[in-house]
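For reference, the structure is listed below as structure tokens.
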Amino acid sequence: MNYAVLIVDDEPGIAEGLKFLIERYLPECRVVGMAYDGKQGYETAMELQPDLVLSDIRMPGMDGIEMIEHLKKSGYCGRFIILSGYAEFEYAKSAIRLGVEEYITKSVDEEELVSVFSRACCSIKEEREKERKAVQMADDLETYSQNMKGYILKDILLNTSLGKIEIREKLEKLTFPLNCGQYGCAVFEIGPENLGNKQDAFFLIMEETAGRCLAFSRNDILIPYSDHQAALLTAHEKNVEYETYLNALGRLRREVSDRLKVCVSVGAGLLHHRAEEMRKAFEEARCALNYKVIKGNGFVISYENIRDLTGKPGLIEENDIKRLETCIDLMDDAGCRQVIEAVFRKIEKEKDLSLTDLQLLSLNLILAGIRKMPFMQFQLNEYLGRNILSLESISKFQTIEQLKNWIINTLKSMNELMLKETMPEKKDVIEEAKEYMNRNFTREISLNDISERFFINPYYFSQLFKKKTGETYQSYLTSLRISRAKKLLEETDLKIYEVCSMVGYSDTNHFNKVFERIAGIKPSEYKKNLRI
């Protein structure tokens, strides 16, 4: 660490001598300027902002005390070391009132100079370290705060058990604006085939450009919820036309796509007038995005267009769709079949049905399933294929009966996927976390690392781990490390610091204390006892 020094003395010879001594005996100090009276010293210090000012007290015109007073008033934050003779004690008392910490008596002794400067540099170093830690702590708190905000917002969007009152209460705690005129949600996606190493850039560019493209939004929040998807929540203080909103999303989509050189698709929900309807807008956006399998990638697809797809008037009634959605909710395959067969009995009576009409009718039935299971978007893409229900795919069916059976089987497959999603896994998250720690305890593992890896709120994970295992995740991790350390001490000739590093600790002193707390003796004593 280097320290910049300014020397102020009205005798050039003495100033040069001080410069020589400082640069010879204090390599960490660098003399960046020389001044020969208080006025020049003030101007030079304000310009160069050195860490230390070494100044004589008595100088013609503006003396050292006056110079220090002016610098303090002007906001200079460096340290001062004064040159003081024994006859200048009254001046020295003034310097104390100004906060000067160090003195060098005339004539200058080399050892005294080195000692005084070393103390001053050490003090500056400690202050810088405190500032660095304070900044780091603030950054950590900000990161933690943002992570917690992200977890809560994800919970609002994805937890279908939350009621409107609970959603509003959670948003209020996040200081999300609750009194705006409109709220919207759009889901942006880059295709898995375009991922590469562009996920981070995708989210960064979205954050950079969203505010500019949606200038009418009072508050926009980006929530990444997979490697290739992000939800953009917007709160509009004043109402905007839905078309204006869609055009703004289109500008944002094009900019992200152009900068990343990849295809970007967007699903846009409707605009709602209450903050607690944000999840509804999110579901609408995801449903709209599902329609890209029909329209293709690289568009903004609005829920308004999807909602209004009905095909030839009268063939699919609103009650048909409601009955179908109810059956899908209940995972009732037989009920779904009955609804589809009833609809197709109407279709078979039509004599002038075009391929386009048939496409829209079939699409509306499939979308009823997709609307109920938006989380399965990519599973559906893999199952149904990129060109589901295009005119070409409709043409491949030889009879209406074949198309009907295909739709029935497709909805049945959706139900099976839904059932699989809702079934509990063989291992719960705590067992998976324990396995992860068992494999990785030799490196640093934080609570945030684990919670992000298993997509769980860190506070909830900590409580759940204690409830299921009877100990904290940290004590479990510590036990793993100390057990491994004992084994290494018993079976190898490794040094203590080598064992420390191999079990995930970077500080040997900390490792010694933890080992002693768990094992009752220090690692060195433990190793020594093995030889007895």
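Please read all numbers here as calculations on a predicted model, not as lab measurements. Count residues from 1 along the sequence.
The shortest heavy-atom contact between L178 and R168 is O-NH2, 3.6 Å. The nearest pair of heavy atoms linking M278 to G184 is SD-O, 3.5 Å. Nearest approach of A210 to L232, heavy atoms of both residues: CB-CD1, 4.1 Å. Looking at every heavy atom in both residues, I496 comes nearest to S524 through CD1-N, 4.0 Å. In this structure, I445 and N440 approach most closely via the heavy-atom pair CD1-O, 3.2 Å. Minimum heavy-atom separation, Y36 to A15: CE2-CB, 4.1 Å.
Atom CG of residue D63 and atom CD of residue E69 lie 8.5 Å apart, to the nearest 0.5 angstrom. A distance of 8.0 Å separates CZ in F299 from CZ in R253, rounded to the nearest 0.5 Å. Rounding to the nearest 0.5 Å places OH of Y42 at 13.5 Å from CG of L6. Of the inter-residue distances, the one linking I518 atom CD1 with S475 atom OG reads 8.0 Å to the nearest 0.5 angstrom. Atom CD in E471 sits 9.0 Å away from atom OG1 in T478 (nearest 0.5 Å). One distance of note links CD of E110 with CG of L26; it measures 11.0 Å at 0.5 Å rounding.
A 4.5 Å side-chain heavy-atom check between V262 and F202 finds every atom pair outside the cut-off. Side chains of E444 and D449 form no contact here, defined as non-hydrogen atoms less than 4.5 Å apart. For the pair P50 and Y76, the minimum side-chain heavy-atom distance is below 4.5 Å. Side-chain contact check for D9 versus M59: every heavy-atom pair is 4.5 Å or farther apart. I22 has its side chain within reach of L54: a pair of non-hydrogen atoms, C-beta onward, lies under 4.5 Å apart. Between S265 and I301, the closest side-chain pair of non-hydrogen atoms is not below 4.5 Å. Using a 4.5 Å heavy-atom threshold, the side chains of L489 and F515 count as touching. Side-chain atoms of V256 and M206, non-hydrogen and from C-beta on, do get closer than 4.5 Å to each other.
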Next item on the list: Could you walk me through whether M437 and I450 pass side chain to side chain contact (heavy atoms under 4.5 Å, CB included), step by step?
Entry: CA-CA 9 Å; M437 287 188 277; I450 297 174; 4.0 Å; yes

Margin query: Quick one, Y505 with V514, criterion side chain to side chain contact (heavy atoms under 4.5 Å, CB included). Give me CA distance, side-chain angles, the key distance, then yes/no.
Written below: CA-CA 10 Å; Y505 291 100; V514 174; 3.6 Å; yes

Next item on the list: Report the C-alpha distance between Y436 and R439 in whole Å, list the side-chain angles of each, state the deciding distance to 0.1 Å, and finish with yes or no for side chain to side chain contact (heavy atoms under 4.5 Å, CB included).
Entry: CA-CA 5 Å; Y436 175 75; R439 294 194 304 270; 4.2 Å; yes

Checklist line | Audit row: M67, V53, side chain to side chain contact (heavy atoms under 4.5 Å, CB included) steps and yes/no | finding: CA-CA 11 Å; M67 179 193 73; V53 175; 4.0 Å; yes

Item checked: Criterion side chain to side chain donor-acceptor pair (under 3.5 Å) on T244 and N247, from CA distance to verdict -> CA-CA 5 Å; T244 302; N247 289 338; 5.6 Å; no

Note to self: Apply salt bridge (charged side-chain N to carboxylate O under 4.0 Å, His left out) to residues K434 and E431 and explain how you reach the verdict.
What the structure shows: CA-CA 5 Å; K434 286 169 67 176; E431 286 302 313; 3.8 Å; yes

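Counting only distance, with no hydrogens or angles, the side chain of E491 and the backbone of L488 share no donor-acceptor pair below 3.5 Å. Remark: side-chain polar atoms of Y473 are paired, donor with acceptor, to backbone N or O of L447 under 3.5 angstrom. At least one donor-acceptor pair closer than 3.5 Å links the side chain of T209 to the backbone N or O of I205.
Using cut-offs of 30° and 60° on the angle between ring planes, the pair H236 and Y245 is tilted. Ring geometry for F465 against Y476 counts as perpendicular: the plane angle is over 60°, on a 0 to 90° scale with 30° as the lower cut.
If you check the side chains of Y526 and E490, you find a donor sitting under 3.5 Å from an acceptor. With 3.5 Å as the limit, one finds no donor-acceptor pair spanning the side chains of S123 and R119.
Within a 6.0 Å sphere centred on CE of M502, heavy atoms belonging to other residues, nucleotides or ligands number 12 at most. Around atom CD of E172, no more than 12 heavy atoms belonging to other residues, nucleotides or ligands sit under 6.0 Å away.
The side-chain hydrogen bond (donor to acceptor under 3.5 Å, both in side chains) test with H272 singles out one residue from R279, Q182, E284, and that residue is E284.
Figure legend: R484 and F441 shown without cation-pi pairing, the cationic atom not lying both under 6.0 angstrom from the six-membered ring centre and within 45 degrees of its axis.
Comment: K125 does not engage E28 in a salt bridge, judged by the lack of any side-chain N to carboxylate O separation of less than 4.0 angstrom. Between E16 and K19 there is no salt bridge, since no side-chain N of the basic residue sits under 4.0 Å from a carboxylate O of the acidic one. At a threshold of 4.0 Å, the pair K39-E43 counts as salt-bridged, since one of the basic side-chain nitrogens sits closer than that to a carboxylate oxygen.
For R128, the salt bridge (Lys or Arg N to Asp or Glu O under 4.0 Å) partners are D51, not counting sequence neighbours.
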